Amino acid sequence: MRIAGLLLMLISMPVLSQTLSEGLEQTYELQMSASTNLTPLWLNANRYGLSSLSSTNGYARGRVERPLCVDTDKEWGIGYGLDLAVPLHYTSDFVIQQCYAEVRYKHGILTLGQKQQPMQLKNMELSSGSQTFGINARPIPEVRLSFPDYWNIPGLGGWLAIKGHLSYGWLTDSHFQKDWTRNKMHYAEDVRYHSKSGYLRIGPADEEHPFSVELGLEMACEFGGTLYLSPSNTLEVGRGFKDYVDAFFASGDDEVDEVYTNVGGDHLGSWVARLNYMDDEMSVALYADHYFEDHSAMFFLDYDGYGSGPDWDNRKKNRYLLYPLKDILLGAELKLNDSPWVDAVVVEFLNTRYQSGPIYHDHNPGLNDHIGGTDNYYNHRLYPGWSHWGQVMGNPLYRSPIYNEDGSLSVKDNRFTAWHIGLAGSPLEGLRYRLLASWQEGLGTYGTPFLEPQRNLSLLAEATYCFPDNGSLRGFSLRVGIGYDHGELLGNNLGTQWTIIYNIRYKQ
């Protein structure tokens with residue numbers, strides 16, 4: 001029996017090897033950026049953190065991937081990837097951008113490792129970015145279980161479908177945080193990460209039923225680790241099984257909580273929605289993304305029925321404080337099937353100025369009203385906030401810590417309004433362009449407001465040309481981008497970026 005098993009393994013190894021190499025993709029990139037000051041916003045942002053603000057920067061990059069789509073027609077699927085970069089004038093000298101393996105069985109996928117995950121319900125090419133799960137920072141190593149494509153609930157004729165994910169991982173920027181803050185300011189090491197999402201689609205979204213609605217909830221948490229609150233104040237936070245459970249249920253408490261308790265870790269998320277219309281000539285969508293850091297913004301209400309005197313901390317009345325919906329990203333997307341010059345348009349408006357109001361007051365024996373304002377988006381009192389390697393993990397219009405000249409890891413402009421426009425098209429065979437324009441007015445934060453509103457205009461013109469497959473430069477692409485910033489928020493920056501790409505795809 002042992003000999004038969006060994007023979008079976010030896011026979012199957014070449015078949016498995018051939019299967020794993022089928023559909024393999026190799027990509028090599030060489031990029032160089034040069035700017036008059038800092039790298040302009042849209043030459044730096046929404047590139048999964050593989051970018052730099054240095055006036056001259058670049059990288060040599062190589063990646064090998066076997067995407068799961070190779071096994072689309074099979075019940076099982078196997079994918080893997082390794083993506084490495086040697087950068088110039090970056091925050092690190094060597095970057096493991098992606099390193100993962102994943103297996104799919106029917107609709108479910110298990111991913112182990114560090115992989116670039118796409119945004120949901122937004123245009124990857126033209127949107128300014130999601131507020132919770134964006135594409136602005138380096139990916140996080142994680143164990144991730146996902147249903148990335150909608151699965152139709154049986155027996156409902158395709159009218160209800162669901163997708164989502166659940167993951168646990170850890171942040172990899174401990175050394176960066178220590179070096180960036182020069183061990184003098186608030187930072188953290190060995191922090192754990194948890195994320196989850198769920199989306200519901202109503203409507204078959206087919207030719208006979210052109211309208212569909214998508215509703216979703218995205219949530220994430222940073223927990224555990226060693227928190228360096230100041231040079232003389234270090235806090236060890238739990239990383240045991242209970243802490244993982246608390247991260248999932250948004251329960252537990254922080255180590256420093258006394259009378260007033262919070263849930264353990266840094267919890268945040270977004271309510272998202274999208275209305276779609278599709279026909280043979282075009283598709284139109286309206287979408288929304290409401291970000292929250294606590295219950296006041298998540299549920300738009302707070303309990304406010306505490307007693308007075310000796311009962312100041314006891315719930316006595318059925319009384320609640322209602323918060324209005326003011327902070328939101330609203331977007332519209334148009335795709336045209338027969339218009340090569342302009343085939344995609346995105347317009348977005350983003351307001352984050354309210355943050356449940358300018359007042360935070362916990363009930364006490366003298367005043368039993370509770371008001372949960374000053375949410376301070378992307379910042380946290382114990383954790384450095386919603387960033388990784390200096391780049392915010394959500395929408396890059398929140399000014400990333402990598403812009404801070406004082407070595408802090410805080411987001412210093414999280415109260416702003418912004419308009420964003422994106423255009424894209426393919427006017428010639430092999431040529432693809434996109435144009436981005438963003439205008440923003442920032443107020444700083446509630447704790448440290450700007451003396452005067454600071455404004456900024458950021459522009460991008462980028463074109464990618466793929467050389468013909470029947471020519472001597474088969475497999476090569478050239479991407480050229482010009483970016484521009486003007487204003488007080490990011491400074492005056494003019495830069496250009498050149499990327500040479502060589503791609504090989506083959507089957508055995």
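Atom set for the values below is all heavy atoms of this structure, side chains included, hydrogens, waters and symmetry mates excluded. It should be emphasised that the depicted structure is a prediction, and the values quoted were computed from it without experimental measurement.
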- Query: With a cut-off of 6.0 Å (strictly less than), are more than 12 heavy atoms of other residues, nucleotides or ligands near NE2 of H209?
  - Reply: yes
- Can you check whether Y277's main-chain N or O pairs, donor with acceptor, with S283's side chain at less than 3.5 Å? no
- Item | Closest non-hydrogen atom pair, I359 against I371 | O-CG2, 3.3 Å
- Query: For the residue pair F292 and W271, does the interplanar ring angle fall in the parallel (under 30°), tilted (30 to 60°) or perpendicular (over 60°) class?
  - Reply: tilted
- Message: Does E25 form a salt bridge (Lys or Arg N to Asp or Glu O under 4.0 Å) with R505? I'd like the steps, not just the answer.
- Response: CA-CA 5 Å; E25 298 182 7; R505 300 181 182 180; 3.8 Å; yes
- Is there a donor-acceptor pair under 3.5 Å between the side chain of R399 and the backbone N or O of L489? yes
- Message: Any side-chain to backbone donor/acceptor pair from S212 onto I202? Under 3.5 Å, distance only.
- Response: no
- May I ask you to say whether R104 pairs ionically with E102, meaning some side-chain N is under 4.0 Å from a carboxylate O? no
- Taking only Lys NZ, Arg NE, NH1 and NH2, and the carboxylate oxygens of Asp or Glu, determine whether K122 and E125 approach each other closer than 4.0 Å. no
- Find the distance between OG (S296) and CG (D302) and round it off to the nearest 0.5 Å. 5.5 Å
- Measure up the H295 and F299 rings against each other and bin them: parallel (under 30°), tilted (30 to 60°), perpendicular (over 60°). parallel
- Any idea which heavy atoms bring L382 and L229 closest together, and the distance? O-CD2, 3.6 Å
- Message: For the NE2 atom of H165 and the CZ atom of F147, what is their distance to the nearest 0.5 Å?
- Response: 13.0 Å
- Message: Could you check whether any side-chain heavy atom of L84 comes within less than 4.5 Å of a side-chain heavy atom of I96, counting everything from C-beta outward?
- Response: yes
- Taking every heavy atom of L43 against every heavy atom of G483, the minimum-distance pair comes out as CD1-N, 3.7 Å
- Message: Tell me if a side-chain donor or acceptor on D375 pairs with a main-chain N or O of A297 at a distance below 3.5 Å.
- Response: no
- Would you say the side-chain atoms of N379 and S410 include a donor-acceptor pair closer than 3.5 Å? no
- H388 versus A137, closest heavy-atom pair with distance: O-CB, 3.9 Å
- Taking D71 for the side chain and K74 for the main chain, is one N or O donor matched with an acceptor at less than 3.5 Å? no
- More than 12 non-hydrogen atoms from neighbouring residues, nucleotides or ligands closer than 6.0 Å to CD on E207, yes or no? no
- Inter-residue atom distance I135.CD1 - M393.CE, 0.5 Å rounding: 14.5 Å
- Query: Can you tell me if W419 and S438 form a side-chain donor-acceptor pair at under 3.5 Å?
  - Reply: no
- Take Y378 and Y398, measure what ring-ring contact (aromatic ring centres under 6.0 Å, His included) needs, and give me the verdict at the end. CA-CA 8 Å; Y378 286 25; Y398 294 83; 4.0 Å; yes
- Message: Between S270 and E218, do the side chains contain a donor N or O and an acceptor N or O under 3.5 Å apart?
- Response: no
- Task: Give the C-alpha distance, both sets of side-chain angles, the deciding distance and a yes or no for side-chain contact (heavy atoms from CB on, under 4.5 Å) between I402 and W180.
- Result: CA-CA 9 Å; I402 201 170; W180 182 261; 4.2 Å; yes
- Kindly say whether A161 contributes a backbone atom to a donor-acceptor pair with the side chain of N152 at under 3.5 angstrom? no
- R274 and V213, any side-chain heavy atoms less than 4.5 Å apart: no
- SG of C99 to CG of L82, rounded to nearest 0.5 Å, is 5.0 Å
- Are more than 12 heavy atoms from other residues, nucleotides or ligands located less than 6.0 Å from atom CG of D280? no
- Crowded around F241 CZ? As in, over 12 foreign heavy atoms under 6.0 Å? no
- Any donor-acceptor N or O pair under 3.5 Å, side chains R138, S51: no
- Task: Test Y377 against D327 for side-chain hydrogen bond (donor to acceptor under 3.5 Å, both in side chains), laying out the working first.
- Result: CA-CA 11 Å; Y377 295 166; D327 291 347; 2.7 Å; yes
- Could I get the full list of side chain to side chain donor-acceptor pair (under 3.5 Å) partners for Y354, not counting sequence neighbours? none
- Separation between CG (N44) and CG (L460), nearest 0.5 Å, reads 11.5 Å
- Task: Report yes or no: do T499 and R479 form a side-chain donor-acceptor pair below 3.5 Å?
- Result: no
- Sorted by chain and residue number, the ring pair (Phe, Tyr, Trp, His ring centres under 6.0 Å) partners of H194 (sequence neighbours excluded) come out as Y168, F248
- What's the shortest heavy-atom distance between G129 and L329, and which atoms? O-CD1, 3.7 Å
- Task: Could you tell me how the ring of Y228 sits relative to the ring of Y187: parallel (under 30°), tilted (30 to 60°) or perpendicular (over 60°)?
- Result: parallel
- With L50 as reference, evaluate E29, R61, Q116, Q391 under the side-chain contact (heavy atoms from CB on, under 4.5 Å) test and give the passing residue. R61
- CA sep, side-chain torsions, deciding dist, call: Q117, R144, side-chain contact (heavy atoms from CB on, under 4.5 Å): CA-CA 11 Å; Q117 299 292 345; R144 182 184 180 100; 3.6 Å; yes
- Query: For T226 and D190, does a side-chain donor sit closer than 3.5 Å to a side-chain acceptor?
  - Reply: no
- Does the side chain of L171 come within less than 4.5 Å of I140's, by heavy atoms? yes
- Item | Side-chain donor-acceptor contact under 3.5 Å, D83 with Q98 | yes
- Going by distance alone, is a donor N or O of one side chain under 3.5 Å from an acceptor N or O of the other, for E222 and Y383? no
